[in-house]
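What you see is a predicted model; the values in this text were computed from it and never measured.
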Amino acid sequence: MEQSYPFVVTVASEKGGVGKTTIATNLAVFLKALREDLPVTIASFDNHFSVDSMFAIGRHYGPSVAGLFDGTPAADLAQMGEFGVQFLASDRGLSPPDDDPGHLRRALARSGLSGILVLDTRPILDYFTQNALLAADLVLIPVKDRASLVNVASIRQTLEQIGGDPEKLWLVPSLVDKRLKLRGDIGIHQFLTSAAEERGYQVVDTYIAKSPKVEGLATNLSSRTYPVLTHARYTNVHHQFRTLADFVLERCEGGGRPANQCFALETQLSEEVPLARLRRLLPECPLCGEATNGEDGSFFQDMRTRRRGFVHKACQQALLDAASLDSLPLEGGVLVAEKAGSGETDREEVLSLHLFDADGEAVGSGEALAAGGSLWESFLRGATGRDLHELFRDSLLLTLDEGPPARFVTKEGYAEFVRRRRRVMREVLLKAL
């Protein structure tokens, strides 16, 4: 990968104890293991020196991250560390040189650094965290409970205030104890994912489990912190970090089709469409497989992966005809197709359908067969990119509007869709409880 500016991954949380540094350090190791030819660098603005404990070779730590803010090129600050990962030494005495949240972004543009740069941050939205957020191409936010989930709003608000793009934000359920169940036998991971998506957040399709073995890697008789890659093999966490690293590499290496190949409109969109949104936009109808241009039919979005696209009007009608609904769809409404997880129902092949009007009020429900080569099975596979058995409490939204569905990928139109999505997913979540 040739690039003059590193792909920056910032790991941030306003709440301590959510596994932020564990994710940052282990992510760097897994990224390097998966792409040996890709330069991977890590730095931390926190003062606990965990980065140094994992990556420093011997006692020589070299120049610190403070150099990023005094004009020293990052390539001159980075030194080779363990596992082939470059690192910048931590600094307990960091002091803001100015009040500019764009300082780091400009510094990295002339840094001489390539590949991927992972930034660990402080559990406060201070000068250094704001700089790391604005410089980021991808922001990973670990959440482990309701409190940390609520705090995400502060990060999003701060990023917007300093001129950043909230589309960069992705939540990572962290320190998940699979033994704990909430009301209605709902697990922590399921709750965090559903609650986050109801708030309009993007959630990575994995989680980091709570593991005594992993906790022990940073608590031992030596001063060394060991990575999951080498010291926790054959564990669920090992597989989860592999999945997280794959996600980051996909985002770094393009993550989809170029914007000008996603779909062709006869007329140009009148509003700016963020590239990240177009990268997850499918160029074909997920039911018939034919190309779509966004001029007719419906807009859909898979809540887990944020894959989105357009369904031809005839295909939309075929799906409705193949469903058992207790009321007719209303113009301006939303249809939510929900798939229960394996083992949670003896009718895994049946989708639950929820109908909502333009105001987000529930107006009907129904079911649809999602197996045996049915239309809904084909639609789900095309829309989500996964087979039926891979879906776990997944939801897919389908708009029921007249007019070009392409408007839902524009800035104003997507904001309208998000408002609808929040209202209907809140109702779907309440039904599940």
Test item: Glu427 and Glu361 side chains (from C-beta on) under 4.5 Å apart, heavy atoms: no

Of all pairs that satisfy salt bridge (Lys or Arg N to Asp or Glu O under 4.0 Å), the ones with a partner from residues 99-108, not counting sequence neighbours: Asp100-Arg106

Qualifying residues under side chain to side chain contact (heavy atoms under 4.5 Å, CB included), relative to Asn236, sequence neighbours excluded: Gln240

Close side-chain approach of Asp165 and Leu159, heavy atoms under 4.5 Å: no

Residues in side chain to side chain donor-acceptor pair (under 3.5 Å) contact with Thr41, at least two apart in sequence or another chain: Gln86

Set of residues satisfying salt bridge (charged side-chain N to carboxylate O under 4.0 Å, His left out) with respect to Glu416, sequence neighbours excluded: Arg420

Test item: Thr10 and Leu138 side chains (from C-beta on) under 4.5 Å apart, heavy atoms: no

Any residue meeting side chain to side chain contact (heavy atoms under 4.5 Å, CB included) with Asp296, in chain and number order, not counting sequence neighbours: His312, Lys313

Salt bridge (charged side-chain N to carboxylate O under 4.0 Å, His left out) assessment of Glu215 paired with Lys210: CA-CA 8 Å; Glu215 292 174 357; Lys210 182 178 179 63; 3.1 Å; yes

Rounded distance (nearest 0.5 Å) linking atom NE2 of His239 with atom OG1 of Thr206: 6.0 Å

Side chain to side chain contact (heavy atoms under 4.5 Å, CB included) against Lys15, all qualifying residues, sequence neighbours excluded: Ser13, Val18, Lys144, Asp145, Ala147, Ser148, Asn151

Leu108 and Val8, any side-chain heavy atoms less than 4.5 Å apart: yes

Parallel, tilted or perpendicular: rings of His354 and Phe356 (30°, 60°): tilted

Ring centroid separation Phe247 to Trp170 under 6.0 Å: yes

Residues forming a side chain to side chain donor-acceptor pair (under 3.5 Å) with Thr243, sequence neighbours excluded: none

Ring center gap for Phe299 and Phe417 short of 6.0 angstrom: yes

Whether Tyr127 and Phe69 hold their rings parallel, tilted or perpendicular, with breakpoints at 30° and 60°: tilted

Heavy-atom check, side chain of Thr72 versus side chain of Pro63, under 4.5 Å: no

Sequence-distant partners of Tyr207, ring-ring contact (aromatic ring centres under 6.0 Å, His included), two or more places apart: His189

Verdict with reasoning, Lys32 to Leu38, per side-chain contact (heavy atoms from CB on, under 4.5 Å): CA-CA 7 Å; Lys32 187 62 180 179; Leu38 177 67; 5.6 Å; no

For Glu198, salt bridge (charged side-chain N to carboxylate O under 4.0 Å, His left out) partners two or more places apart: Arg426

Side chain to side chain contact (heavy atoms under 4.5 Å, CB included) involving Asp46 - partner list, sequence neighbours excluded: Lys20, Ser44, His48, Arg122, Pro123

Any residue meeting salt bridge (charged side-chain N to carboxylate O under 4.0 Å, His left out) with Arg199, in chain and number order, not counting sequence neighbours: none

Cationic N near anionic O, under 4.0 Å, Arg423 to Asp359: no

Backbone of His238 reached by a side-chain donor or acceptor of Arg233 within 3.5 Å: no

Asp76: partners by salt bridge (charged side-chain N to carboxylate O under 4.0 Å, His left out), with sequence neighbours left out: none

